[in-house]
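Because the structure is a prediction, the values reported are computed rather than measured. In the text below, chain A, chain B and the rest are named by the order of the sequence lines, each starting its count at 1.
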Protein chains: 2
Amino acid sequence: MSGAAEAIKPEVMKQLFHPEIEDVLPADVFAALGDPIRLGILVSLADCDEIDKARCGAFTELASPSLLSYHFAKLREAGITRSRAEGTVRFLSIRREEFDRRFPGLLDTVIETARRDPSVPRAKLDV
Amino acid sequence: MSGAAEAIKPEVMKQLFHPEIEDVLPADVFAALGDPIRLGILVSLADCDEIDKARCGAFTELASPSLLSYHFAKLREAGITRSRAEGTVRFLSIRREEFDRRFPGLLDTVIETARRDPSVPRAKLDV
DNA sequence: CGACTATTTCAATGATCGTTGAATCATGGG
DNA sequence: CCCATGATTCAACGATCATTGAAATAGTCG
């Protein structure tokens, strides 16, 4: 499969799909939040402001790598998180400003709700 | 003249299941909110404070009776709404106080989010 | 290069979802 | 009583879900 892939930039990994924030619908957001593992990823992310702590591999307490990848995709496709590649590693972050502009106040309340509840698992992203 | 049937308690219709509010988990709540019709039911309910306007049959703009019943059950089983039978009719209401105690601030933000978005359908519950 | 690591993708599974239409149940009124 | 009405239940369907484990991909480093 030869194609337009000749001029590959060395440090650019395959780009994952991120929806325009205006295209994100409330029902899709809530559907993405409707799973304890994904809520766990979200609160773990929110509890750790240090950008470079949140690489994908830091969430292994929550699920297997393959299952995590699946849940990462759900959050990403719902406009909640962004996945940024850096070398061999991928970092997760919350699309804070954009999301807050699109759905003011929602993320704070959701995170607070999830954070308070013992049914939501957590990953320790420190170190 | 609302509440005409207040004095008479003829017979009790089959009781529908309502979970204890403490047993409701955040992920289940969000899953229940992850559908545009259910969001539509919720905002329509929230927009109509008149208790006796919110009988089940008033939502027919949103879906068929049978499908509505399915979605009513989802909202009810997630602890969000209550179904009260009165004669041959059933009335829906939001479990406001309980839910707000269990998940402070969540319902307000959710309803506001859904209300603002044109993708969420509405039922006119006025007469 | 080739081994290694981090992550995604694929194929397969059983479970649950949203939807439809027909059947059923409960209640009130002639 | 029987019938009309409001609402739930059931059976079926294709679609999507969460999960698993194996395979593929992308970048790093010896």
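- Here D/dG6 presents its P atom at 18 Å from CG of B/L16, a figure rounded to the nearest Å.
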Under 3.5 Å donor-acceptor pairs involving side-chain atoms of residues 54-65 of chain B, not counting sequence neighbours:
unit_1	atom_1	unit_2	atom_2	d
B/E61	OE1	B/K124	NZ	2.7
B/E61	OE2	B/K124	N	2.8
B/S64	OG	B/L67	N	3.3

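- Counting heavy atoms from C-beta outward, A/V110 and B/T109 have side chains that stay 4.5 Å or more apart.
- Contacts between residues 113-121 of chain B and DNA chain C, defined by a heavy-atom separation under 4.0 Å, are absent.
- Atom CD of B/E86 is separated from atom C1' of D/dA7 by 15 Å (rounded to the nearest Å).
- Shown here for B/L125 and B/C48, the closest heavy-atom pair between the two residues is CD1-CB, 3.7 Å.
- With rounding to the nearest 0.5 angstrom, the CZ atom of A/F17 is 7.0 Å from the CD atom of A/E77.
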Give me the distances for all protein-to-nucleotides 21-25 of chain C N/O pairs that come in under 3.5 Å?
unit_1	atom_1	unit_2	atom_2	d
C/dG21	O6	B/S66	OG	2.8

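- Comparing atom distances between the B/V89 side chain and each of C/dT8, C/dT7, D/dA7 picks out D/dA7 as nearest.
- Distance, A/L68 CG to C/dT7 C1': 10 Å, rounded to whole Å.
- Contacts of A/I37 with the nucleic acid, taken as non-hydrogen atoms under 4.0 Å apart, involve only primed sugar atoms and P, OP1 or OP2.
- Look at CZ on A/R84: it is 17 Å from P on C/dA6, rounded to the nearest Å.
- Applying the salt bridge (charged side-chain N to carboxylate O under 4.0 Å, His left out) rule to pairs touching residues 36-48 of chain B yields B/D47-B/R115, B/D47-B/R122, sequence neighbours excluded.
- A pairwise comparison of heavy atoms in B/A78 and B/V29 identifies O-CG2, 3.8 Å as the closest pair.
- By the 4.5 Å heavy-atom criterion applied to side chains, B/L25 and A/P36 are not counted as neighbours.
- Listed nucleotides: C/dT7, D/dG27, D/dT8. Nearest to the side chain of A/T88: D/dG27.
- Note: CZ (A/F91) to P (D/dA26) measures 19 Å, nearest angstrom.
- When side chains are defined from C-beta on, B/F72 does not count as touching B/L16, because their heavy atoms never get closer than 4.5 Å.
- The phosphate of C/dT8 has OP1 or OP2 within less than 4.0 Å of a side-chain N or O from A/R90.
- Here the shortest heavy-atom pairing between A/A32 and A/I80 reads CB-CD1, 4.1 Å.
- Looking at B/I94 and B/I111, their side chains come closer than 4.5 Å, going by heavy atoms from C-beta outward.
- Screening residues 16-35 of chain B for side-chain hydrogen bond (donor to acceptor under 3.5 Å, both in side chains) gives no qualifying pairs among residues at least two apart or on separate chains.
- Across B/P26 and A/L39, no two heavy atoms sit closer than the pair CB-CD1, 4.0 Å.
- Comparing the local axis fitted to the first five base pairs of the helix from C/dC1-D/dG30 to C/dG30-D/dC1 with the one fitted to its last five gives a bend of 0°, rounded to 10°.
- Rounded to whole angstrom, the span from the CZ atom of B/R55 across to the P atom of C/dT27 amounts to 18 Å.
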Listing, residues 97-106 of chain A side-chain donor-acceptor contacts under 3.5 Å, not counting sequence neighbours, or none:
unit_1	atom_1	unit_2	atom_2	d
A/E98	OE1	A/R82	NH2	2.7
A/E98	OE1	A/R95	NE	3.1
A/E98	OE2	A/R95	NH2	2.9
A/D100	OD1	A/R96	NH1	3.4
A/D100	OD2	A/R96	NH1	3.1
A/R102	NE	A/I21	O	3.0
A/R102	NE	A/V24	O	3.4
A/R102	NH1	B/D117	OD2	3.3
A/R102	NH2	A/V24	O	2.6
A/R102	NH2	B/D117	OD2	3.0

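- With sequence neighbours left out, the side chain to side chain donor-acceptor pair (under 3.5 Å) criterion links B/S83 to no other residue.
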Protein-nucleotides 13-17 of chain C N/O pairs under 3.5 Å:
unit_1	atom_1	unit_2	atom_2	d
C/dC17	OP1	B/K74	NZ	3.0
C/dC17	OP2	B/K74	NZ	3.0

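- Distance CD (B/Q15) to C1' (C/dA26): 14 Å, rounded to an integer number of Å.
- We find that NZ of B/K53 is positioned 18 Å from P of D/dG6, with the value rounded to whole Å.
- At the phosphate of D/dC17, neither OP1 nor OP2 sits under 4.0 Å from any side-chain N or O atom of A/H71.
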